[in-house]
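Take a look at the structure set out below.
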Amino acid sequence: MKLKDKAALVTGGGSGLGRAISLLFAREGARVIVNDINIESAQQTVEAMGEAKPRGLAVKADVSDSAQVRAMFDEIEKKIGRLDILVNNAGIAEATGEEMDRLNQKFEARVGEALGGQGVQTQWEVVSNMTDEAWLKMIGIHLNGTFFCTREAVKLMGGERGGAIVNMSSVAGLMGLEAAPHYSAAKAGIIGFTRAVARELGSLNIRVNALCPSFITTPMTEGISPMLKMMTSGQTPLGRWGEPPEVASVALFLASDDSSFITGQWISPNGGLFIG
Ligand code: NAP
């Protein structure tokens, strides 16, 4: 077992990648604290841990709210007393369902025009229409949430036991997605934060790395239109989207001693969509 007796917090662990990471870490011997904004989904992840279920703990907190994050870490300190691994994973794709619908429509209109051979007329009009609320919500959950959790986690990490922080970025942070400037900015910010904090915390024996997946089949990507799914699969050398266990295994690598000399880096399980 690669994480025997380690205490690991996974934010957004009630669904998709966070659930897959929580379940894999539990199988590898960790005591997994599953955070989510939705406590029922966090509890369902703990329920799914099988034999490791007694080592699981579900904790509700909105990671974009620093007071809730502090309260969550107070609970972790009281109940467990330390933390060895933090996976900053909680996130959203679009601030609203309407945003996703509008983007799917724009995308299909542009593809239709391109196929018609008359030149593309439909403009994306994303950044010019973005509200303050949509921008701030995206930055708040991804970037502020990563900072708030890291700030508290380092107080429970370090010393002889060391620590590992895995920050969930995205290919959007590496290459930019025209349909999601707020998401791309948040994910690129997470890479910059990872690099800076890795430099700072190395002397405390805490490693900090980022994961940059491409399109992965989870509830977050369910709303993406079939045409866009086909296009993005076609642009991917391996010819398909990824599955959550294919990201969880990379998170395990970054969280375990298998990556003991790796810090400040990003790794991108992306089927070749972005080669950097
Ligand atoms: P998901 O299935 O929607 O899971 C995200 C989880 O985070 C949900 O349980 C969600 O709860 C929770 N969450 C949302 N806001 C939160 C908050 N403020 N505080 C605490 N928990 C919160 O999405 P996923 O695909 O697994 O994505 C996980 C991470 O991977 C995200 O950071 C995402 O940006 C990143 N990522 C995903 C992909 C992909 O293709 N799926 C690719 C690259 C990167 P609710 O469901 O109640 O909102």
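Being a predicted model, the structure only gives us computed values, none of them experimental. As the structure lists them, so they are numbered: ligands from 1, and atoms in each ligand from 1.
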- Query: Under 3.5 Å, N or O to N or O, is Ser64 touching ligand 1 that way?
  - Reply: no

- Item | Criterion side chain to side chain donor-acceptor pair (under 3.5 Å) on Glu113 and Thr122, from CA distance to verdict | CA-CA 8 Å; Glu113 288 166 351; Thr122 304; 2.7 Å; yes

- Nearest-contact summary for atom 2 (O) of ligand 1 - protein heavy atom, Å: Ser15 OG, 2.6 Å

- Message: Among residues at least two apart in sequence or on other chains, which ones pass ring pair (Phe, Tyr, Trp, His ring centres under 6.0 Å) with Phe253?
- Response: none

- Query: For atom 43 (C) of ligand 1, which protein heavy atom lies nearest, and how many Å away is it?
  - Reply: Pro213 O, 3.4 Å

- Is Glu133 paired with Lys137 through a side-chain N to carboxylate O contact shorter than 4.0 Å? no

- Item | Listed partners of Trp241 passing side-chain hydrogen bond (donor to acceptor under 3.5 Å, both in side chains), at least two apart | Thr232

- Message: Would Thr11 count as a contact residue for ligand 1, given that I'm defining contact as a non-hydrogen atom of the residue lying under 4.0 Å from a ligand atom?
- Response: no

- Message: Within this structure, what is the CD1-CD1 distance for the pair Ile206 and Ile165, rounded to the nearest 0.5 Å?
- Response: 6.0 Å

- Query: Within 4.0 Å of atom 4 (O) of ligand 1 (strictly less), any protein heavy atom?
  - Reply: yes

- Message: Counting non-hydrogen protein atoms only, what is the nearest one to atom 42 (C) of ligand 1? Give residue, atom name and distance.
- Response: Ser214 O, 3.0 Å

- Note on the structure: Taking only non-hydrogen atoms of Gly91 and a 4.0 Å limit, the atoms of ligand 1 in range are 5 (C), 7 (O), 14 (C), 31 (C), 32 (O)

- Interatomic distance, SG@Cys149 vs CZ@Phe73, rounded to 0.5 Å, equals 5.0 Å

- Item | Heteroatom proximity flag, Ser41 to ligand 1, N/O under 3.5 Å | no

- Evaluate whether atom CD of Glu125 has more than 12 neighbouring non-hydrogen atoms of other residues, nucleotides or ligands under 6.0 angstrom away. yes

- Query: Would you call Gly140 a ligand 1 contact, heavy-atom distance under 4.0 Å?
  - Reply: no

- Message: I'd like to know whether Asp258 forms a salt bridge (Lys or Arg N to Asp or Glu O under 4.0 Å) with Lys2, so could you lay out the CA-CA distance, the side-chain angles of the two residues, the decisive distance to 0.1 Å, and finally the verdict.
- Response: CA-CA 8 Å; Asp258 284 352; Lys2 291 183 186 288; 2.7 Å; yes

- Note the single closest protein heavy atom to atom 23 (O) of ligand 1, along with its residue, its atom name and the distance in Å. Met220 CB, 3.3 Å

- Task: Quick one: look at Tyr183 and ligand 1, take heavy-atom pairs under 4.0 Å, and tell me if it's side chain, backbone, both or neither.
- Result: side chain

- Query: Relative to the heavy atoms of Gly16, which atoms of ligand 1 are at a distance of less than 4.0 Å?
  - Reply: 2 (O), 26 (O)

- Please write down residue, atom name and distance for the protein heavy atom closest to atom 6 (C) of ligand 1. Gly12 O, 3.5 Å

- Query: More than 12 heavy atoms of other residues, nucleotides or ligands under 6.0 Å from CZ of Arg199: is that the case?
  - Reply: no

- Donor-acceptor contact below 3.5 Å, side chain His182 vs main chain Val127: no

- First locate atom CG of Asn38, then atom OG of Ser15, and finally report the distance between them rounded to the nearest 0.5 Å. 9.0 Å

- Task: Scan Arg207, Arg31, Arg161 and name whichever one has a salt bridge (Lys or Arg N to Asp or Glu O under 4.0 Å) with Asp84.
- Result: Arg161

- So for Ala93 against ligand 1, with non-hydrogen atoms under 4.0 Å, the contacting part is neither

- Message: If we set the cut-off at 4.0 Å for heavy atoms, which region of Leu17 has an atom near ligand 1: side chain, backbone, both, or neither?
- Response: both

- Query: Do Phe25 and Val87 have side-chain heavy atoms sitting under 4.5 Å apart?
  - Reply: yes

- Note on the structure: In ligand 1, the atoms that come under 4.0 Å of a heavy atom of Thr221 are 39 (C), 40 (O), 41 (N)

- Query: So which bit of Thr217 gets within less than 4.0 Å of ligand 1, heavy atoms only: side chain, backbone, both or neither?
  - Reply: neither

- Task: Could you tell me whether ligand 1 has any atom less than 4.0 Å away from a heavy atom of His142?
- Result: yes

- Residue portion contacting ligand 1 (non-hydrogen atoms closer than 4.0 Å) for Ala172: neither

- Item | Between Glu28 and Ser256, a side-chain donor and acceptor under 3.5 Å | no

- Query: Can you find an N/O atom of Asp36 closer than 3.5 Å to an N/O atom of ligand 1?
  - Reply: yes

- Query: Does an N or O from Ser170, backbone or side chain, lie closer than 3.5 Å to an N or O of ligand 1?
  - Reply: no

- Message: Tell me whether Gly14 has any N or O atom under 3.5 angstrom from an N or O of ligand 1.
- Response: no

- Message: Just checking Lys4: does its NZ atom have more than 12 heavy atoms from other residues, nucleotides or ligands closer to it than 6.0 angstrom?
- Response: no

- Main-chain N/O of Ser260 paired to Asp257 side chain as donor or acceptor, under 3.5 Å: no

- For atom 40 (O) of ligand 1, closest protein heavy-atom neighbour: Ile216 N, 2.8 Å

- Answer side chain, backbone, both or neither: which part of Asn89 comes under 4.0 Å from ligand 1, heavy atoms only. both

- Query: What protein heavy atom sits nearest atom 18 (N) of ligand 1, and how far off is it?
  - Reply: Asp62 OD1, 2.8 Å

- So is there a nitrogen or oxygen of Ile37 less than 3.5 Å from a nitrogen or oxygen in ligand 1? yes

- Item | Cys212: which of Val250, Ile191, Asn270 passes side-chain contact (heavy atoms from CB on, under 4.5 Å) | Ile191

- Run the side-chain contact (heavy atoms from CB on, under 4.5 Å) check on Leu174 and Ser268 step by step: do they pass? CA-CA 9 Å; Leu174 297 172; Ser268 184; 4.1 Å; yes

- Task: Report yes if Met168 has an N/O atom closer than 3.5 Å to an N/O atom of ligand 1; otherwise report no.
- Result: no

- For ligand 1, the portion of Cys212 having any non-hydrogen atom under 4.0 Å away: neither

- Should Gly13 be listed as contacting ligand 1, given a heavy-atom distance under 4.0 Å as the test? no

- Query: Taking distance alone, with no angle check, do Val63 and ligand 1 share an N/O pair under 3.5 Å?
  - Reply: yes

- Message: Polar contacts were defined as any N/O atom of the residue lying under 3.5 Å from an N/O atom of the ligand; does this apply to Thr218 and ligand 1?
- Response: yes

- Test of proximity, Lys187 against ligand 1: N or O pairs below 3.5 Å: yes

